[in-house]
Student: 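The structure is given below, and queries will be raised subsequently.
Residue indices begin at 1 and follow the sequence shown.
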Amino acid sequence: MIGKTARYMPAFFLGLALVAGPMATRAATPGLASRPVLTLALAERLLQAALHEATRNGWPGVVAVVDDAGQVVALARMDNAYMRASVDLAPGKARTAVMFRRPTAVLEGAIDGPRPALVTAQGYVMMKGGEPIVIDGQVVGGIGVSVDTPDHDEQIAQAALTVLK
């Protein structure tokens, strides 16, 4: 009986190594931090919540969700979107919220007030309607909205963030 058991032991340990090896390597990698990441599933939930708020209020436009690098993960252009420029503005607002780690309304307020030089930051959209997506204290992405007015843009973006609560 011992002979038969011993014969299967190498195959057992090989299988165990194949399954546990990669997991052990990831867990034991020194110097790498773990952080929350925006998934496509969460991006789509945020997008749907924003679209619901826009539709409920009759404000068609564009909504974009970007990751922590400012790259588009999800984007929707609603039927009868008010402005054609919205397809550029919405992802721009989302990207700006990520890169500055704050709502774009704060940046717009700074331009209108104590920090007009902020307008010289090239490639950013410093208009209301961009919000960072924060999970466990980390900015994992941003949402940007461009419909018809700055206040509506901001309202829709903030309504989408309620998905995180």
Side-chain angles (χ1 to χ4, degrees), residues 19-29 31-112 118-119 121-165:
V19 171
M23 292 187 303
T25 303
R26 276 194 299 263
T29 305
L32 294 179
S34 64
R35 60 184 174 81
V37 176
L38 179 67
T39 63
L40 176 59
L42 179 55
E44 288 175 337
R45 283 180 44 217
L46 290 160
L47 182 71
Q48 289 304 314
L51 294 174
H52 174 74
E53 180 71 8
T55 300
R56 184 176 72 79
N57 288 290
W59 304 329
V62 178
V63 178
V65 179
V66 302
D67 62 15
D68 64 345
Q71 300 299 308
V72 174
V73 178
L75 183 140
R77 184 178 141 235
M78 299 172 70
D79 293 339
N80 301 313
Y82 183 70
M83 295 182 302
R84 292 186 178 165
S86 293
V87 295
D88 295 320
L89 292 173
K93 291 177 183 185
R95 179 178 175 275
T96 300
V98 168
M99 297 304 163
F100 283 86
R101 305 175 59 83
R102 58 186 36 93
T104 54
V106 172
L107 302 170
E108 183 178 350
I111 290 169
D112 291 341
L118 192 57
V119 76
Q122 296 295 307
Y124 297 102
V125 180
M126 313 254 187
M127 301 163 63
K128 281 184 179 182
E131 296 283 337
I133 300 167
V134 180
I135 298 176
D136 296 333
Q138 298 288 320
V139 174
V140 299
I143 185 164
V145 178
S146 181
V147 293
D148 59 353
T149 71
D151 291 336
H152 293 165
D153 297 351
E154 187 175 39
Q155 179 179 329
I156 293 166
Q158 290 175 352
L161 294 178
T162 62
V163 168
L164 302 175
K165 295 177 181 169

Student: Side chains of Ile133 and Leu164: closer than 4.5 Å at any heavy-atom pair?
Tutor: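 A side-chain contact under 4.5 Å exists here.
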
Student: Considering non-hydrogen atoms only, spot the tightest contact between Asp68 and Val139 and give its length.
Tutor: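 Of all heavy-atom pairs spanning Asp68 and Val139, the closest is CB-O, 3.7 Å.
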
Student: Kindly give the heavy-atom pair with the smallest separation between Asp153 and Gly129, and that separation in Å.
Tutor: CB-CA, 3.7 Å

Student: Quiz question: by atom type and distance under 3.5 Å, do the side chains of Gln155 and Asp151 form a donor-acceptor pair?
Tutor: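 No - no donor-acceptor pair under 3.5 Å links their side chains.
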
Student: Can you find a heavy atom in the side chain of Val98 that is under 4.5 Å from one in the side chain of Arg95?
Tutor: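 Heavy-atom side-chain distance check fails, nothing below 4.5 Å.
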
Student: So Val163 and Leu42, do their side chains get closer than 4.5 Å, heavy atoms only?
Tutor: yes

Student: Starting at CD1 of Ile143, measure out to NZ of Lys93 and round the result to the nearest 0.5 Å.
Tutor: 11.5 Å

Student: Measure across Met99 and Gly70 and return the closest heavy-atom pair with its distance rounded to 0.1 Å.
Tutor: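 Smallest heavy-atom distance, with atoms named: CE-N, 3.9 Å.
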
Student: Under a 4.0 Å threshold between the charged nitrogen and the carboxylate oxygen, would Glu108 count as salt-bridged to Lys128?
Tutor: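 Not counted as a salt bridge, because no side-chain N and carboxylate O are separated by less than 4.0 Å.
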
Student: For the residue pair Val65 and Leu38, establish whether any side-chain heavy-atom pair is separated by less than 4.5 Å.
Tutor: yes

Student: Using a 4.5 Å cut-off on heavy atoms from C-beta on, say whether the side chain of Leu107 contacts that of Arg102.
Tutor: yes

Student: Answer yes or no: is there a side-chain heavy-atom contact under 4.5 Å between Val140 and Val37?
Tutor: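 Val140 vs Val37: side chains apart.
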
Student: Short question: side chain of Thr96, backbone of Val125 - any donor-acceptor pair under 3.5 Å?
Tutor: yes

Student: Identify the heavy atoms of Ala64 and Leu75 that sit nearest to each other, and give their distance.
Tutor: CB-CD1, 3.9 Å

Student: Fit a plane to each ring of Tyr124 and Phe100, take the angle between them on a 0 to 90° scale, and name the class: parallel (under 30°), tilted (30 to 60°) or perpendicular (over 60°).
Tutor: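 The arrangement is perpendicular - the two ring planes meet at more than 60°.
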
Student: Measure the shortest side-chain to side-chain distance between Tyr82 and Val147 over non-hydrogen atoms and say whether it is less than 4.5 angstrom.
Tutor: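 Not touching, per the 4.5 Å side-chain cut-off.
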
Student: Determine yes or no for a side-chain-to-main-chain donor-acceptor pair under 3.5 angstrom, with Thr55 supplying the side chain and His52 the backbone.
Tutor: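 Side chain of Thr55 to backbone of His52: no pair is present.
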
Student: Could you report the tightest heavy-atom contact between Ala81 and Gly61, atom names first, then the distance?
Tutor: CB-CA, 3.8 Å

Student: Main chain of Gln138, side chain of Asp136: is a donor-acceptor contact present, judged purely on distance under 3.5 Å?
Tutor: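 No, the answer is negative, given that no donor and acceptor are paired below the 3.5 Å cut-off.
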
Student: What I'd like to find out is whether the side chain of Arg77 reaches to under 4.5 Å of the side chain of Ser86, using heavy atoms alone.
Tutor: no

Student: How close do Met78 and Trp59 get, heavy atom to heavy atom, and via which atoms?
Tutor: SD-O, 4.2 Å

